[in-house]
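Contents: one structure, followed by commentary.
Note that the structure is predicted; figures quoted are calculated from it, not measured. In what follows, every chain begins at residue 1, and chains take the letters A, B, ... in the order their sequences are listed.
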2 protein chains.
Amino acid sequence: MTVTRPSGDDLVEMLAALANPLRLRIVATLAGGRDYVSHLAREIGISRPLLHMHLQRLEAAGLVVGTLELSDDGKAMKYFEVADFDLHLTATSLAEAAATLTRSDPAKGSGEKEKN
Amino acid sequence: MTVTRPSGDDLVEMLAALANPLRLRIVATLAGGRDYVSHLAREIGISRPLLHMHLQRLEAAGLVVGTLELSDDGKAMKYFEVADFDLHLTATSLAEAAATLTRSDPAKGSGEKEKN
DNA sequence: TGCACGTGTCAGAAAACGCTTACACATGAA
DNA sequence: TTCATGTGTAAGCGTTTTCTGACACGTGCA
């Protein structure tokens, strides 16, 4: 498996997505096999809207992938599975990522168009 | 360097500490050498109280270490340096960590004393 | 005595986050 | 038609996070 090397902003988003016990559990459960939203919600023991929100965050970070499929009885099911990521976090690897950060850099002033 | 393998709760705390552009930049700067709070605040371009708060979070997560020292002219200086960590994040490694989570486990009910 | 430098901490506001409840729509089966 | 299943989404609310500003204390030096 190749090591993922995201940009600074992307890394922050991925870390923020993983820095939550519920979302960590969601990824862990999906690591055991793909599942659809309603069933996964029952499996973990949380409400479906809440799971929906967390899955959105995980998918936005590129950690899980969702695909809308049609079951045999014609129902629309959204299946999720974990993406193929491999993050390596070290002081030096973080320094490399931080060098590519575009937002919140008071030192560089407002180089970019950052609607902070 | 040995790979750090924290518990689920500790991992969440470490990830939360890193999931912030400013704190990522702080770690990156400290990776280039130890520094004391006031100087580091000027270096990064943020206020000292704000940096103080971020350093507290990073230290609580075990990512940086602070030591209070006395300079030659008798001033109390708090020097910070990065800790020696090496996190490896994979779907399976996250699953292992998630298995040790103690908080927010609706499936297990409230096994622990969790003042949620 | 006053200024410059270091430390720490507190109060308050704006924004983001986590969660519940309720609503909308679709399908197949009783 | 009604129920059970699946989907999505919006409103509301309490908590946490993030940040500024002001205060406290200490030392050395002009």
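Taking 4.0 angstrom as the limit, Tyr36(B) places a side-chain polar atom (N or O) nearer than this to OP1 or OP2 of dG6(C). Of the side-chain N and O atoms in Asn20(B), none sit less than 4.0 angstrom from OP1 or OP2 of dT17(D). The shortest distance between the side-chain N/O atoms of Arg42(B) and the OP1/OP2 oxygens of dG6(C) is below 4.0 Å.
In this structure, NZ of Lys78(A) is placed 16 Å from P of dG6(D), rounded to the nearest angstrom. Atom NE2 of His52(B) is separated from atom P of dT20(D) by 16 Å (rounded to the nearest Å). Look at NE2 on His39(A): it is 13 Å from C1' on dG6(D), rounded to the nearest Å. In this structure, NE2 of His54(A) is placed 6 Å from P of dG18(C), rounded to the nearest angstrom. Rounded to whole Å, the distance from CZ on Arg23(B) to C1' on dT17(D) is 9 Å. Going from atom CG of Leu50(A) over to atom C1' of dG18(C) covers 7 Å, rounded to whole Å. Straight-line distance from the CD1 atom of Ile46(B) to the P atom of dC19(D): 8 Å, rounded to whole Å. At whole-Å resolution of the value, CD in Glu69(B) and P in dC5(C) are 21 Å apart.
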Reading nucleotides 22-30 of chain C 5' to 3', which nucleotides get B (base under 4.0 Å from a protein heavy atom), which S (sugar-phosphate only), which -?
B----BS--
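Annotation: side chain of Leu101(B) is in contact with side chain of Asp9(B) (closest heavy-atom distance under 4.5 Å).
Between Glu43(B) and Arg25(B) there is no salt bridge, since no side-chain nitrogen of the basic residue lies less than 4.0 Å from a carboxylate oxygen of the acidic one.
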